[in-house]
Amino acid sequence: MRHTISVLVENKFGVLSRVSGLFSGRGYNIESLSVDETIDPQLSVMTIVTSGDDQIIEQITKQLNKLIDVIKVVDLTEVDHVEREMILVKITPKQQDKAEALRLVDIFRGRVVDSSPRTYTFEITGDEKKIAAFVELIKPFGIKEFVRTGKIAMAREGVKKS
Amino acid sequence: MRMSGAEILIESLKKEGVKHIFGYPGGVVLNIFDLLYENEDFQVILTRHEQGAVHAADGYARSTGKPGVALVTSGPGATNTVTGIATAYMDSVPLVVLTGQVSTDLIGNDAFQEADIVGITRPCTKHNYLVKDVKDLARTIREAFYIATTGRPGPVLIDIPKDVTVNKATFKWPEQVSLRSYNPTYEGNKWMIKQAARTIQKAKKAVIIAGGGVILSNAARELKELIEFAEVPVTMTLMGLGDFPGAHELSLGMLGMHGTYYANKAIQESDLIVAVGIRFDDRVTGRVKDFAPHAKIIHIDIDPTSIRKNVRVDIPIVGDAKRILKVLLSILKEEGKSQWEPVRKSWLKQIELWKKEHPLSYAYSDTIIKPQYVVEQLYELTKGNAIISTEVGQNQMWAAQFYKYDKPRTLLTSGGLGTMGYGFPAAMGAQVAHPGMTIIDIAGDGSIQMNIQELATCVLYKLPVKVAILNNQYLGMVRQWQELFYGERYSCSHLDTVPDFVKVAEGYGAVGLRAVKPSEVVPVIKAALKIKDKPVFMDFVVDWKEKVFPMVPAGAAIDEMMLGEEAEEKKKKKLRAVK
């Protein structure tokens, strides 16, 4: 099963490599990883999406906790939480398809962040399902370039998953 | 007061109470070594290889419980420490390894003798540091010792660039260490301990497995009290030998791949396992899904990742073994023992039967030296009053089976990583810490050649380490596997040319002794034990066909043991007699 794990770490050099090294060294998967400094510049948050059975996920959280620079590990899958990710996608639509592409972005509440005579670049944010749905629909227009941020996530306030 | 980085380092080590440093100099650490010249506060032991330095610091740490310190240069000096660090990491040994690094302005430029040792050792240290600013040096050293020695101990490496040893800062020693991200759990959960006590009271066929964690938490006394009060037999992992007197009637010796018949049998038949300070290594469990099929498992360990990593656990208790055993014992004592006495008796009787059925044994010969005989005689002649180190392979297993360890910290062996070449430098480190004590490395002719250069160190510092070489001209354990599982195809396990160890010893200025016949074994050991100012090599020319039994083949359950021909023969005879 897939798990989204939020890891609060000391914002020091080498911490990312300690975390990624832990995953590669023990044969765990990283499906997505995003990391940046928090409001407190001494801290960073990593959001890691990984998969495995209960025993593996238990080991992953324990092993992360064992790293000296890791302050807190929360498996968000166990609580109600919000997930977001952003993509940038550059498409090369045919002249007659341009209006349709723009309409699609509109439906998904995306934005056009760059355009050229032959391309559009869209920005879309959302959860995994929304992104997947958008990608499916935009594919026929001809994708030239595609990048995604990886997931970030946060627990909802005061709600426990039933 | 403003001091150079090198001065701060020396001051910090003094503050940490360091007395011995195992090291090897080189370009970028010259400022530090310069301060060690004619320094009265430390004894610097100049080894002949950086690997030897780290293993020596490791042997020093294991035999004393104090952190071992090694100091080496950058590049190859640093990379040579890796095997030693990984060895200590696997066996939870507190070390602080100081490596020099090229100057900060050269880092990343592929400078002469540059290696990213922090990157290289990241997965085999408990933590590591690159100190880029001299202002951070004292705090970093304080933290390193703190991390190395608390919680589950382990090696910590500090990489110090050359310019940091020169740059000046005010020396400020932090009296307290507080790391918001590092808070080991010491007190076990009370409710869990109560559950454990209740389960122990109900058990009819309980076994305790004691591991290296008992030694690390100095819990041998509490363990012994628990064993004797609850009348529960105990088996030990390789790292746990010494937790409990090996000759005691409740001791089942070692379990696992080369464990005793009765220990493995007891585990498989038990209805409760109390595991203390162990991590259920594959050499202990055999095929995991068939490990202790009828038993509930109580697992006490300070490292949460050890729990449920390899085996299912019914009652996990995270914390310090000593404190948890104390609480557990007090609860059990409150309840009194009368209720379980009759049921325990029949279980102990069963175990006695297994002990009689297949004791640890070998076929003595009066024409050829059996390696087990050598180990047995070492025990007899030292009366167990020695520190034993081992190399890895058959020598290690015979040392585990035929020497009885009565006290913690009397066996130094590379259990987790299985490092050949560990035993001799580790013995050397232990001898530095215990000058008057008998220290014996039980070695093979293969392993001893992996760090044989440390003979020079032992001669130089008059360290009378004894090395018992069980010389069979083979990499014996490899040979044993090839004989049993690879159709006797002895690929690369015959060493063919083995040096004349007596001459090698003499060449270094040490003493070399040799025994070829069984009758020469005791005189050689006696002669070696008398030597107090020089290292001794005892070259025992042993039966190369000898194998370590019992043996659980890799991937088998631990009661699927091969017991050796003699044992098999006896079994057949007995069956015939029964008919």
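Bear in mind that the values here come from a model prediction, so they are computed numbers and not experimental data. Throughout, protein chains are lettered first and strands after them, A, B, ... in sequence-line order, and every chain is numbered starting at 1.
Contacts of B:Pro123 with chain A are absent, with no heavy-atom separation under 4.5 Å from either backbone or side chain. Interface residue B:Asn128: backbone and side-chain heavy atoms are both found under 4.5 Å from chain A. Interface residue A:Leu43: only side-chain heavy atoms are found under 4.5 Å from chain B. With a threshold of 4.5 angstrom between heavy atoms, B:Ile307 approaches chain A through its backbone and through its side chain. Interface remark: A:Glu58 contributes side-chain atoms only to the contact with chain B (heavy atom separation under 4.5 Å).
Heavy atoms of other residues, nucleotides or ligands lying less than 6.0 angstrom from CD of A:Gln96 number more than 12. Heavy atoms of other residues, nucleotides or ligands lying less than 6.0 angstrom from CG of A:Asp54 number 12 at most. Around CG of B:Asp105, the count of heavy atoms belonging to other residues, nucleotides or ligands within 6.0 Å exceeds 12. Other residues, nucleotides and ligands contribute more than 12 heavy atoms inside 6.0 Å of the NZ atom of A:Lys98. Taking a 6.0 Å sphere around CZ of A:Arg118, one finds it holds 12 or fewer heavy atoms contributed by other residues, nucleotides or ligands. The number of heavy atoms from other shown groups lying within 6.0 Å of CZ (A:Arg109) does not exceed 12.
Note that CD1 of B:Ile147 is 4.0 Å distant from CD1 of A:Ile68, once rounded to the nearest 0.5 Å. The line from NZ of A:Lys72 to CZ of B:Arg180 is 13.0 Å long, rounded to the nearest 0.5 Å.
Taking 4.5 Å as the limit, every side-chain heavy atom of B:Lys309 sits out of range of all side-chain heavy atoms of A:Lys62. Residues A:Asp69 and B:Tyr182 form no side-chain contact, since every pair of their non-hydrogen atoms from C-beta on lies 4.5 Å or further apart. Taking 4.5 Å as the limit, every side-chain heavy atom of B:Lys126 sits out of range of all side-chain heavy atoms of A:Lys66. Counting heavy atoms from C-beta on, the side chains of B:Asn310 and A:Gln55 never come closer than 4.5 Å.
Minimum interatomic distance between B:Ser181 and A:Glu10 (heavy atoms only, all atoms of both residues): OG-OE2, 4.2 Å. Summarising the geometry of B:Thr305 relative to A:Gln59, their closest heavy-atom pair is O-NE2, 2.8 Å, with the distance given to 0.1 Å.
Remark: A:Lys12 is not positioned above the aromatic ring of B:Tyr129, lacking an NZ or CZ atom under 6.0 angstrom from the ring centre and at most 45 degrees off the axis.
Interface with chain B: from residues 123-148 of chain A, no residue qualifies, criterion being any non-hydrogen pair under 4.5 Å.
For residues 91-102 of chain B, the pairs satisfying side-chain hydrogen bond (donor to acceptor under 3.5 Å, both in side chains) are B:Arg62-B:Asp91, B:Ser92-B:Arg152, B:Thr99-B:Asp159, B:Gln101-B:Asp159, with sequence neighbours left out.
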